[in-house]
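These notes are about the structure you will find just below.
Letters A, B, ... mirror the listed sequences (proteins, then strands); counts begin at 1. Being a predicted model, the structure only gives us computed values, none of them experimental. Computation of the quantities below employed the complete heavy-atom set of this structure, encompassing side-chain atoms and omitting hydrogens, waters and symmetry-equivalent molecules.
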There are 2 protein chains.
Amino acid sequence: MTEPKLGKVTTVGAMALGKDYAAQECSVARALEVVGERWTLLVVRDALYGVRRYNDFLAHLGIPRAVLATRLQTLTAAGVLEKRPCERRPGRHEYVVTERGRALWPTLCVLGTWGMDTFGHDRPTRYFRHAACGTELGPVGECPACGGLVPVEDVEMLPGPGLDPDPVDPVSRELLKPRRLLQPVEIDPV
Amino acid sequence: MTEPKLGKVTTVGAMALGKDYAAQECSVARALEVVGERWTLLVVRDALYGVRRYNDFLAHLGIPRAVLATRLQTLTAAGVLEKRPCERRPGRHEYVVTERGRALWPTLCVLGTWGMDTFGHDRPTRYFRHAACGTELGPVGECPACGGLVPVEDVEMLPGPGLDPDPVDPVSRELLKPRRLLQPVEIDPV
DNA sequence: GACCGCAGGTTCAATGACTGAACCCACAGG
DNA sequence: CCTGTGGGTTCAGTCATTGAACCTGCGGTC
């Protein structure tokens with residue numbers, strides 16, 4: 001057969017292979033359809049840290065504006081974040097983590113643990129501990145002392161030696177202070 | 001000010017914004033640089049299920065060949081998989097999960113749990129239990145009865161009602177049987 | 001009321017990643 | 001020698017991401 005195999009131009013599409021993992025009947029695949037895109041999990045991480053405003057995500061993540069807008073839309077549509085007017089500052093918006101978003105905390109924890117264990121050539125960047133008892137959290141965000149999953153709002157976040165001690169953007173500077181997760185990041189409280 | 005706003009060209013970058021989350025000094029970001037690309041976590045999931053051969057990943061995932069080749073390379077380079085000649089069938093290769101790859105099992109577990117809890121409109125697709133005691137695993141892959149993290153090789157996987165009971169590809173058919181994680185998928189054992 | 005600046009986007013061209021399909025090659029068996 | 005299979009590579013088309021510029025609505029100031 002010397003002639004080339006001449007492709008059948010069958011309008012293939014039909015199935016718009018978008019961002020869905022076609023035909024994967026698996027809860028991991030379904031989860032990844034929502035949080036599997038580039039930047040998405042980092043946005044959720046920041047939201048759990050207390051970041052709420054568009055410009056603060058922008059400053060802290062260094063993400064392109066268009067991508068951030070898309071991700072915030074997707075996450076809001078998926079019920080991970082909720083967009084609402086800021087009551088303290090009329091005219092502004094804020095994106096707040098919902099219960100569904102809080103449920104992603106163990107995922108971020110365990111992924112961070114893997115990243116630390118695997119590539120932790122340098123010092124840890126942040127510590128997390130159970131505010132009630134001061135114990136450092138286990139790999140999944142559980143409290144080894146109290147023996148249970150710690151509610152996200154009871155997690156205290158402290159800077160580690162791996163963090164830049166004098167960052168440029170105000171959000172990073174705010175996140176250098178010890179703080180509770182979910183506690184809103186306020187940049188210029190007037 | 002009629003002239004365009006002429007951004008400050010501060011050479012900011014220096015860091016070639018490739019697939020790395022530039023300047024994110026965070027173990028989650030470092031983890032995502034390895035397992036955050038499209039398809040990657042599903043490849044790892046399949047590898048933990050026991051899939052080892054290029055063509056089996058291809059059949060089970062429905063992933064484009066080129067992407068699969070890239071992912072297998074990346075994961076091998078990152079030490080998550082190991083490529084080696086198949087001893088049972090000379091001339092073939094297999095990709096085997098390393099310890100580092102096994103360490104991703106909790107991540108997949110907790111992500112699957114979130115996907116199930118969040119979008120679990122249909123029935124679960126698979127059950128996982130501790131082979132030693134038969135108890136169904138908790139959200140992070142721990143055994144509620146024995147009270148500890150179950151080693152991946154001691155996890156038994158069973159099909160759930162959400163799975164297609166008569167799939168086309170032989171890998172999916174093999175994965176319908178109850179089996180241990182990591183146990184190699186053998187399609188045509190001759 | 002005119003002007004300003006900021007928050008929160010949208011638009012754009014250039015580049016890079018993903019897709020499906022075709023092609024390729026080494027090896028094993030007959 | 002011919003054929004089939006495993007494990008890729010190549011390619012053109014499409015889609016996503018990037019960085020930068022542009023736009024818009026609002027609240028305050030003079």
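- Atoms CD (B/E186) and P (D/dG6) sit 13 Å apart, rounded to a whole Å.
- For the pair B/E37 CD and D/dC15 P, the interatomic distance rounds to 21 Å; values are reported in whole Å.
- Two residues, A/H93 and A/A66, neighbour DNA chain C, and the one matched to the more 5' nucleotide by heavy-atom proximity is A/H93.
- Within residues 40-57 of chain A, the residues approached by DNA chain C to less than 4.0 Å at the level of any non-hydrogen atom are A/R53, A/Y54, A/N55, in residue-number order.
- Taking B/R126 as the reference, nothing meets the salt bridge (charged side-chain N to carboxylate O under 4.0 Å, His left out) condition, with sequence neighbours excluded.
- Of the residues listed (B/D154, B/V155, B/V150, B/L149), the one engaging B/C143 in a side chain to side chain contact (heavy atoms under 4.5 Å, CB included) is B/V150, and it is the only one.
- Within the 4.5 Å cutoff, side-chain heavy atoms of B/L111 are placed close to those of A/V35.
- Side-chain N/O atoms of A/W39 include one lying less than 4.0 angstrom from OP1 or OP2 on D/dT18.
- Here the P atom of nucleotide C/dA17 and the CZ atom of A/R38 are 9 Å apart, to the nearest Å.
- Checking A/V67 against A/P90, the closest nucleotide of DNA chain D that is more toward the 5' end is the one next to A/V67.
- Contact annotation: B/K83 reaches the phosphate of D/dG8 (side-chain N/O to OP1 or OP2, under 4.0 Å).
- Atom CD1 of A/I63 and atom P of C/dT10 are 14 Å apart (whole Å).
- For B/R89 and C/dA28, the shortest distance from a side-chain N or O to OP1 or OP2 is not below 4.0 Å.
- If you measure from atom CD1 of B/I187 to atom C1' of D/dT5, you get 15 Å, rounded to the nearest angstrom.
- Scored by the side-chain hydrogen bond (donor to acceptor under 3.5 Å, both in side chains) test, B/D164 finds no partners at all (sequence neighbours excluded).
- Residue A/Y95 places no side-chain N or O under 4.0 Å from the OP1 or OP2 atom of C/dA7.
- Between the CG atom of B/L61 and the C1' atom of C/dT19 there is a distance of 15 Å, rounded to whole Å.
- What separates CG of A/L68 from P of D/dA16 is a distance of 18 Å, to the nearest Å.
- Taking 4.0 angstrom as the limit, A/R92 places none of its side-chain polar atoms (N or O) nearer than this to OP1 or OP2 of D/dG27.
- Between A/R71 atom CZ and C/dT10 atom P the separation is 14 Å, expressed in whole Å.
- Counting distance only, with no hydrogens placed and no angle test, the side-chain atoms of A/R65 and the base atoms of C/dG8 include a donor-acceptor pair under 3.5 Å.
- Taking A/Q183 as the reference, A/R179, A/R180 meet the side-chain contact (heavy atoms from CB on, under 4.5 Å) condition, with sequence neighbours excluded.
- By the side-chain hydrogen bond (donor to acceptor under 3.5 Å, both in side chains) test, B/D56 is found to be paired with no residue, residues two or more places apart in sequence or in another chain being considered.
- A/R102 pairs by the salt bridge (charged side-chain N to carboxylate O under 4.0 Å, His left out) definition with A/E99, not counting sequence neighbours.
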